[in-house]
Amino acid sequence: MNAAEMDENRHADLLLEQLLGRIEEYYDAVPRSAARAEDFGTLTLFVRDGRGWPYYARPALGRTGDAVTTAEVERVRDRQRELGVPENFEWVAENSPHLRAAVEESGLVVHEHPLLALDLSRGRAAEEEGTGAASGAAGAAGTGAAGGAGEAVSVRVIEDGDPALPYAVAVPYVAFAQPDTQVGAAGTRELAEVARQLAEDGSVDVVAERIRDGYTAVAVAEEDGVALCAGQHQPVGAVSEIVGVGTLPSARRRGLGLAVTAALVADARERGVRTVFLSANNDDVARIYERLGFRRVATALIAEPVETAGAGETGEAVEAEEPAE
């Protein structure tokens with residue numbers, strides 16, 4: 001390796017370090033608009049105020065490189081049980097390499113998810129390079145037909161008063177109840193019931209308020225006025241995470257997740273976001289998102305008790321499905 005190549009590698013390493021630093025700051029900042037933070041030294045526990053996806057414990061900002069003991073993890077778990085919230089921990093493996101051993105020693109199961117990022121400062125070509133499928137999906141990021149998803153399907157970002165909002169909020173709940181990417185039976189009937197429950201318990205109102213306040217954007221793919229796929233992104237400054245992208249099991253294998261993600265990316269760009277990232281369910285899903293220009297930058301780790309492992313995602317990871325041949 002010559003000097004020029006060494007300099008190029010050092011520059012790439014520096015850019016990656018800066019990117020992971022921005023993501024670490026984001027993970028600490030994003031819950032604070034809807035949760036209180038409890039300090040446990042090397043760890044911070046975020047406890048949601050009101051309805052919505054539960055939050056997590058994670059390394060304290062500025063102390064991600066510190067060693068964490070099993071006793072510290074168990075203190076947080078004791079507090080989570082006291083509060084009646086899930087005993088979940090989430091962190092970036094590369095930023096906090098010492099945490100996994102302590103978490104596993106405490107008895108939790110750790111799941112690995114590819115962490116992918118998209119640099120919007122590079123321009124639109126960064127999203128569309130080399131993939132006609134991604135270009136078509138990105139072109140659908142308004143009220144038009146979703147590229148690759150069928151002419152009858154439209155993809156749009158919705159506002160807080162939109163009648164589709166309860167169904168857009170409900171779709172990921174139905175989707176993650178069947179967390180693989182295979183076509184399933186759950187469809188509009190199950191969606192209507194979950195939407196009713198979420199409207200009654202105030203969860204839809206929470207999302208509507210976050211939309212009004214600029215904390216959340218929601219995109220939905222619809223066919224004949226029926227929500228089939230939905231997801232969100234949550235901007236904080238120049239960084240946003242895409243979360244909870246899910247497709248009704250009965251509508252899978254049509255490329256809807258990719259089209260919704262493209263709509264969310266386009267909306268993030270319009271809001272001035274420069275870095276968008278997401279955690280994919282697995283390597284196969286990650287490869288689908290790479291069609292939009294996302295690249296793997298790290299590994300997101302999620303820990304949970306053995307008895308709840310495999311029961312579905314908490315809404316942070318995103319799923320996708322290959323379009324049918």
So, [X] side chain and [Y] main chain: donor-acceptor pair closer than 3.5 Å or not?
X      : Y      : value
Ser250 : Ala186 : yes
Glu304 : Val109 : no
Arg77  : Ser106 : yes
Arg156 : Glu222 : no
Arg210 : Val206 : no
Thr299 : Pro114 : no
Glu190 : Gly187 : yes
Arg252 : Gln182 : yes
Asp213 : Tyr215 : no

Inset, instruction - Please tell me if the side chains of Asn95 and Pro59 come closer than 4.5 Å, counting only heavy atoms from C-beta onward. - result: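 Result no, sub-4.5 Å side-chain heavy-atom pair not found.
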Inset, instruction - Measure the shortest side-chain to side-chain distance between Glu90 and His113 over non-hydrogen atoms and say whether it is less than 4.5 angstrom. - result: no
Residue pair [X] / [Y]: nearest heavy atoms and the distance that separates them:
X      : Y      : value
Val273 : Ala238 : CG1-O, 3.5 Å
Ala230 : Pro172 : O-CG, 4.2 Å
Glu72  : Leu43  : O-CD1, 3.9 Å
Leu191 : Ala227 : CD2-O, 3.4 Å
Leu19  : Ala117 : CD2-CB, 4.0 Å
Pro166 : Val204 : CA-CG2, 3.8 Å

Cationic N near anionic O, under 4.0 Å, [X] to [Y]:
X      : Y      : answer
Arg81  : Glu74  : no
Arg196 : Glu200 : yes
Arg212 : Glu209 : no

Quick check on the hydrophobic clustering: are [X] and [Y] connected, directly or via other members, by side-chain heavy-atom contacts under 4.5 Å?
X      : Y      : answer
Leu116 : Trp91  : no
Leu301 : Tyr55  : no
Leu248 : Val194 : yes
Leu115 : Phe89  : no
Val68  : Val92  : no

Inset, instruction - Examine Phe46 together with Tyr27 and report whether their ring centres are nearer than 6.0 Å. - result: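 No.
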Inset, instruction - Report the C-alpha distance between Arg271 and Asp267 in whole Å, list the side-chain angles of each, state the deciding distance to 0.1 Å, and finish with yes or no for salt bridge (charged side-chain N to carboxylate O under 4.0 Å, His left out). - result: CA-CA 6 Å; Arg271 294 170 184 256; Asp267 182 78; 2.5 Å; yes
Inset, instruction - Applying salt bridge (charged side-chain N to carboxylate O under 4.0 Å, His left out), run through Arg79 and Glu82 and close with a yes or a no. - result: CA-CA 5 Å; Arg79 178 60 173 157; Glu82 178 185 349; 3.1 Å; yes
